[in-house]
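Here is the structure we will look at.
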Number of protein chains: 2
Amino acid sequence: MSRERQIDDDLLENLPLPTAAFFVLFALAEGEKHGYRIMQDIRELSGGTFSVGPATLYTTIKKLSDQGFIGETTDSGEDRRRIYALTRTGKRLLDAEFRRQQQLLDLARRKRILRIGEQK
Amino acid sequence: MSRERQIDDDLLENLPLPTAAFFVLFALAEGEKHGYRIMQDIRELSGGTFSVGPATLYTTIKKLSDQGFIGETTDSGEDRRRIYALTRTGKRLLDAEFRRQQQLLDLARRKRILRIGEQK
DNA sequence: CTCCTCTATATCGGTTTATGATATATCCAA
DNA sequence: TTGGATATATCATAAACCGATATAGAGGAG
């Protein structure tokens, strides 16, 4: 349990996630995907209000991959596509980011700054 | 109402907010404050996990001020402090950002990606 | 067959955002 | 009187973001 704590503390240093990184992890949380698909799904996830272009996408993928938060599936093989998936740590990171965001929203409600969604 | 819509559409282009801008607006939503106080309160709001230094703070304040999302209170007078407050538009912007975040969290729950806080 | 669009990955050049360090000055308490 | 907290500000640099462009395969329209 203190080991779990330690890992979470390490993750905490990566929060708040950069927007692009957050969305890439979010998209991959639905299942493994290739880059172009991630790009499309981010547009959909955000309701069309947000999108990443190839420059942001592939540099973000590179970084997340180097950090060990996502990994390329080994079975890619013949295809020109490169399939990515969340690692265990990547899942935890995304979860920590979600919790961080929710805590802030809850705080905003307690402070009466945000007045929507107060139904217990 | 279509006028309200239009204004919201303008605000939408500013989302997602940069992290520092989000926290400055959040801090000011509690009431008018001077820069240094905003800095302290951001640390507190984030539970100590996030903080902005003077460089980020004052450049962010400058930008938000130029954009008309915050304003300097005219009555500052003698003091060396410069007091800032949210403008009407600034309030709306923060609210739009909160709603954007909450919608994503709700979506994550519907997709069973996020499994906390599901109590209706 | 050729052209166009979509898929798919990648990088270049430049802007925006973030940050540690430093500077300046006031205030107060040890 | 010195040292820490308050308070604002900028410099130089790094991280994040993004439009444009490049390359290439795949599929359909004319």
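Protein chains get the first letters and strands the later ones, always in sequence-line order, with residue 1 at the start of each.
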Open item on the list: Distance under 4.0 Å to a non-hydrogen atom of chain B counts as contact; along DNA chain C, which nucleotides mark the start and end?
Closed with: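 Nucleotide range in contact with chain B: dT17(C) to dT26(C).
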Open item on the list: Closest-nucleotide mapping onto DNA chain D: is Tyr84(B) or Ala20(A) further toward the 5' terminus? I mean the 5' end.
Closed with: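 Looking at DNA chain D, the more 5' nearest nucleotide goes with Tyr84(B).
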Open item on the list: Return the CD to CZ distance between Glu44(B) and Arg37(B), rounded to the nearest 0.5 Å.
Closed with: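 Here the rounded value is 8.5 Å.
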Open item on the list: Using modelled atom types and a 3.5 Å cut-off, is there a donor and acceptor pairing between side-chain atoms of Ser46(B) and backbone atoms of Ile42(B)?
Closed with: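 Indeed, once roles are kept as given, a pair shorter than 3.5 Å links the two residues.
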TODO: Return yes if the base of dT6(D) and the side-chain atoms of Arg81(B) contain a donor-acceptor N/O pair under 3.5 Å, otherwise no.
DONE: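 Answer no: no donor N or O sits under 3.5 Å from an acceptor.
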[X] and [Y]: which non-hydrogen atoms are nearest, and at how many Å?
| X | Y | value |
| --- | --- | --- |
| Arg112(A) | Arg115(A) | O-NH2, 3.2 Å |
| Phe98(A) | Ala108(B) | CZ-CB, 3.6 Å |
| Ala85(A) | Glu32(A) | CB-CB, 3.8 Å |

Open item on the list: Any carboxylate oxygen within less than 4.0 angstrom of a Lys/Arg side-chain nitrogen, looking at Asp106(B) and Arg109(B)?
Closed with: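 Between Arg109(B) and Asp106(B) there is a salt bridge, with a charged N closer than 4.0 Å to a carboxylate O.
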TODO: Could you tell me whether Arg92(A) and Asp95(A) make a salt bridge, using a distance below 4.0 angstrom between a side-chain N and a carboxylate O?
DONE: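 Looking at Asp95(A) together with Arg92(A), the answer is no, because their closest N to O distance does not fall below 4.0 Å.
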Task: For atom CD of Glu13(A) and atom P of dA15(D), their distance in whole Å - done: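 Roughly 15 Å, once rounded to whole Å.
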Identify each donor-acceptor pair in which a side-chain atom of residues 16-31 of chain B lies under 3.5 Å from a protein atom, sequence neighbours left out, and give them as a table.
from     : atom 1 : to        : atom 2 : distance (Å)
Glu30(B) : OE1    : Lys33(B)  : NZ     : 2.6
Glu30(B) : OE2    : Lys111(A) : NZ     : 2.6

Open item on the list: Quick check on contacts: within residues 39-67 of chain A, what sits under 4.0 Å from DNA chain D by heavy-atom distance?
Closed with: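 Contacts with DNA chain D under 4.0 Å: Pro54(A), Ala55(A), Thr56(A), Lys63(A).
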